[in-house]
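Only heavy atoms go into these numbers, but all of them, side chains included; no hydrogens, no water, no symmetry mates. Residue numbers start from 1 in every chain, and the chains themselves are labelled A, B, ... in the order their sequence lines are given, proteins ahead of strands.
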Amino acid sequence: MDKNSWNKLLEPDSVTVAPTLLGCYLVRQLNGQRVVGKIVETEAYHQRDAASHSYRGQTPRNSVMFGPPGFAYVYFTYGMHYCMNVVTGQPGEGSAVLIRALEPLEGLELMQENRGGKSESELTNGPAKLCQALGVDKRLNGHDLSAPSLQLVLGSPLPTSRIVQTTRIGIRHDTDKPWRFYIKDNPFVSKLS
DNA sequence: CCGGTGATGCCCT
DNA sequence: GGGCATCACCGGT
């Protein structure tokens, strides 16, 4: 995928981009092995959104969110977990899409090792779980997602009929905004609803 | 299966 | 010092 079509895909606002990332792939090179998952659940965050890290403006922690699209915003939370976003929108906007769940496709053994021997269904069905499975931590904050060590790869677009749109999970503010998207009936979505 | 809760570090006020 | 875009474990059903 060339850089121009890449930017085309990610430059709209995060609410538009979030459902289009469903069915795309995250490809990770880890210890010489390929680890691949299909994105099955996303959430959009942006600057006029009280639940977003970017809501109160740019800080050292969230600065990657305000940069160009196509980079990884990886943050640390609850003293022990990492979560990853795909930055969207124009530079200066402060918007991103949180990757909440993957369907494991390749490198399941390594994912299982990284996840302390959990069963297949528990490897990547949550935003911090998938980061642990893929070995994603703060070193990948600001990483260019067209570069091989962690790559976002376009998939076939999903028909609207296979996408479910609901409110977001695990937030205190703007809980009524329908900015969570997941693939209907996919068993690797983080929480049933 | 379900809800409650403790773990644990860092950023921002 | 508060609060967190979470998870795993525990006990009761």
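Taking the side chain of A/R56 as heavy atoms from C-beta on, and the options B/dT13, C/dA5, C/dA8, the nearest nucleotide is B/dT13. Across C/dC9, C/dC7, C/dT6, the shortest atom-to-atom separation from the side chain of A/K129 is found for C/dC7. Between B/dC10, C/dA5, C/dC4, one nucleotide has an atom nearer to the side chain of A/L98 than all others, and that is C/dA5. For A/Y73, counting side-chain heavy atoms from C-beta on, the closest listed nucleotide (C/dA5, C/dC4, C/dC7) is C/dA5. The listed nucleotides are C/dT6, C/dA5, C/dC9; the one nearest the side chain of A/I171 is C/dA5.
Both the sub-6.0 Å distance and the 45° axial angle are satisfied by A/R168 relative to the ring of A/Y45.
A/A128 comes within 4.0 angstrom of sugar-phosphate atoms only, judged by non-hydrogen atoms across all strands, and of no base. When heavy atoms are screened at a 4.0 angstrom cut-off, A/R172 is found touching the sugar-phosphate backbone but no base atom.
In this structure, A/A101 and A/F188 approach most closely via the heavy-atom pair CB-O, 3.3 Å.
Residues A/V64 and A/V87 meet the side-chain proximity criterion, which asks for heavy atoms closer than 4.5 Å.
Atom-to-atom, CG of A/N85 to P of C/dT6 comes out at 11 Å; the value is rounded to the nearest Å. The distance from atom CZ of A/F76 to atom C1' of B/dA7 is 11 Å, rounded to the nearest whole Å. Taking atom CZ of residue A/R115 and atom C1' of nucleotide C/dC7, one finds them 8 Å apart after rounding to whole Å. Atom-to-atom, CG of A/N62 to C1' of B/dC10 comes out at 14 Å; the value is rounded to the nearest Å. For A/M80 and C/dC7, the CE to P distance is 11 Å, given to the nearest whole Å. Remark: C1' of C/dA5 and CE of A/M65 are 10 Å apart, rounded to the nearest angstrom. Per the geometry, CE belonging to A/M84 stands 17 Å off P belonging to C/dA5, to the nearest Å. Atom NZ of A/K138 and atom P of B/dG9 are 12 Å apart (whole Å).
Position along DNA chain C of the nearest nucleotide to A/E122 versus A/H173 favours A/H173 as the more 5'-ward residue.
In this model, the phosphate group of C/dT6 is approached by a side-chain N or O of A/R100 to a distance below 4.0 Å at OP1 or OP2. Distances shorter than 4.0 Å separate none of the side-chain N or O atoms of A/H81 from OP1 or OP2 on C/dC7.
Between A/F76 and A/Y82, the ring planes lie tilted relative to each other; the angle falls in the 30° to 60° range.
Side chain A/Y75 to base C/dA5: a donor-acceptor pair is found below 3.5 Å.
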